[in-house]
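Atom set for the values below is all heavy atoms of this structure, side chains included, hydrogens, waters and symmetry mates excluded.
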Amino acid sequence: MLDHYILKNKPHGYVDSRQVSNGYWVYLNLSIRNLVFAIGRLCIFCGVNLADVDIRYFPKQIVAETASANSQGTCPKTPTQSSIIIPSTLLDALKENYSGGFRFEATYINLLANASGVNIDESLKAELERHMFRRKDDVFFLLDQVSDKVTRNELLATANAYLHKYGCFEISELHRQFENRLNRICIRNVEDFESFYQQIAQSGVRCVAAPQVGNRIARYNNGNVQTSFEAITKNIIIFITESCYGSCTEGNLHNEFQAFSADLLGKLIRIFAENELICVEINDSICYQSFETLGLPQNFADTIITILDRLDEIGLPPSQEVLHTAISLELGVNFRTEFNLPNWNTFRRLIASCFKGEPRREWKNNIFWGGES
């Protein structure tokens, strides 16, 4: 793994690289996203506990001022930090008396002051509020009440890995993976989890409802959901057709793409891979198959054209029911049952994909019309 970051030779075409004292070369000027991802992988490789890792960001202006001050022998400016220290007795009182959450209201504040023996003025109140997780119902929790630091670091590392790999991930899936490690009093549902993630996540990440599918996802501020989904679907097609030889169960697909739910993966296939993959039901399990692996007769495309021509000759509209009956009679089997097509939507997609005749036809109100119909 180290060979990916520490190179024996200067990388061709990379001017932003330097040779270190041991003779190896390293990249410089990585983006923050790639740098954090690399640090995480390196820490895991070296056995460093993520709970001991604390990454802080400094604005470029401060870095420049620090470098300038160092060159002039003066004291550099430090990032603006609050000088207010939250007393440990106050934190202990919060943990002991407000496991169900705290509200920054006069009654709560007075009771907390009495329990801790600390005078809570406006500045201390603001500092305490800044250090707590705020739910949308204005109930606050200390971060350690929600989860331990190891869990928070692993949650962020997982989210960042998904963002790096796919450009986005589904909020409900990250919640499912960490649900049992979070305090259910604090995080009651996916909506609470999204608020928690947004508070602890790196800057530049947004949580939105994905267009066309509606599922809540996290993405980079400058990310394009449509482009990400199209790229993910291409990888799904490659995985099913090459790694799974054209047929993959819903469970195996979900295991491969753990950043997304089975529901969202199915939607992506229906929207972006309708001419490549089809959803079928085999032994009561949902599967995704390429059309080539369904076992359709070699002349099936010609069979559809012939049947449609006959229906046109007798003036019978090619509804999904009529067309299915005609195909079943022609093949001598119940077509949907024989090829494990679970619903009419799957049947229509299959017919539309296999039809190669002219003029082109499309489904309107469950009738496979052609031309100006």
### Check: Gln145 main-chain N/O paired with Asn183 side-chain donor or acceptor under 3.5 Å
yes
Which atom pairs, one a donor and one an acceptor, fall under 3.5 Å between side chains of residues 340-348 and the rest of the protein, sequence neighbours left out?
| residue | atom | partner | partner atom | Å |
| --- | --- | --- | --- | --- |
| Asn343 | OD1 | Asn345 | N | 3.3 |
| Asn343 | OD1 | Thr346 | N | 2.8 |
| Asn343 | OD1 | Thr346 | OG1 | 2.7 |
| Thr346 | OG1 | Cys279 | O | 3.4 |
| Arg348 | NH1 | Gln320 | OE1 | 2.7 |
| Arg348 | NH1 | Asn366 | OD1 | 3.2 |

### Task
Applying salt bridge (Lys or Arg N to Asp or Glu O under 4.0 Å), name anything that partners Arg336, two or more places apart in sequence or on another chain.
none
#### Entry: Hphob cluster co-occupancy, Leu294 + Tyr288, side-chain heavy atoms under 4.5 angstrom
no
### Query
How would you list all residue pairs meeting salt bridge (Lys or Arg N to Asp or Glu O under 4.0 Å) that involve residues 177-186, not counting sequence neighbours?
Glu154-Arg181, Glu179-Arg184
### Message
A quick test of your reading: do over 12 heavy atoms of other residues, nucleotides or ligands sit less than 6.0 Å from CG of Asp309?
### Response
yes
### Query
Residues in side chain to side chain donor-acceptor pair (under 3.5 Å) with Asn97, at least two apart?
none
### Message
Once side chain to side chain donor-acceptor pair (under 3.5 Å) is applied, do any residues pair with Ser123, and if so which ones, sequence neighbours excluded?
### Response
Asp121
## Note on the structure
With sequence neighbours left out, the residues meeting salt bridge (Lys or Arg N to Asp or Glu O under 4.0 Å) with Asp302 are none
### Message
Under the rule for salt bridge (Lys or Arg N to Asp or Glu O under 4.0 Å), what residues qualify as partners of Glu170, not counting sequence neighbours?
### Response
none
### Task
Output yes when Asp192 and Arg134 qualify as a salt bridge under the 4.0 Å nitrogen-oxygen rule, no when they do not.
no
### Message
side-chain contact (heavy atoms from CB on, under 4.5 Å), that's the test. Do Phe193 and Leu155 meet it? Break it down for me.
### Response
CA-CA 11 Å; Phe193 176 79; Leu155 189 157; 3.6 Å; yes
### Query
What residue pairs, at least two apart or across chains, pass salt bridge (Lys or Arg N to Asp or Glu O under 4.0 Å) with a residue in residues 316-329?
none
### Pairs where residues 261-276 contributes a residue and the test salt bridge (Lys or Arg N to Asp or Glu O under 4.0 Å) is met, not counting sequence neighbours
Asp263-Lys267
### Message
Could you work out, with side chain to side chain donor-acceptor pair (under 3.5 Å) as the rule, every residue matching Arg216, not counting sequence neighbours?
### Response
Glu194
### Task
Mind checking salt bridge (Lys or Arg N to Asp or Glu O under 4.0 Å) for Arg206 and listing every partner two or more places apart, or none if nothing turns up?
none
### Message
Can you list everything that forms a side chain to side chain donor-acceptor pair (under 3.5 Å) with Asn119? Sequence neighbours excluded, please.
### Response
none
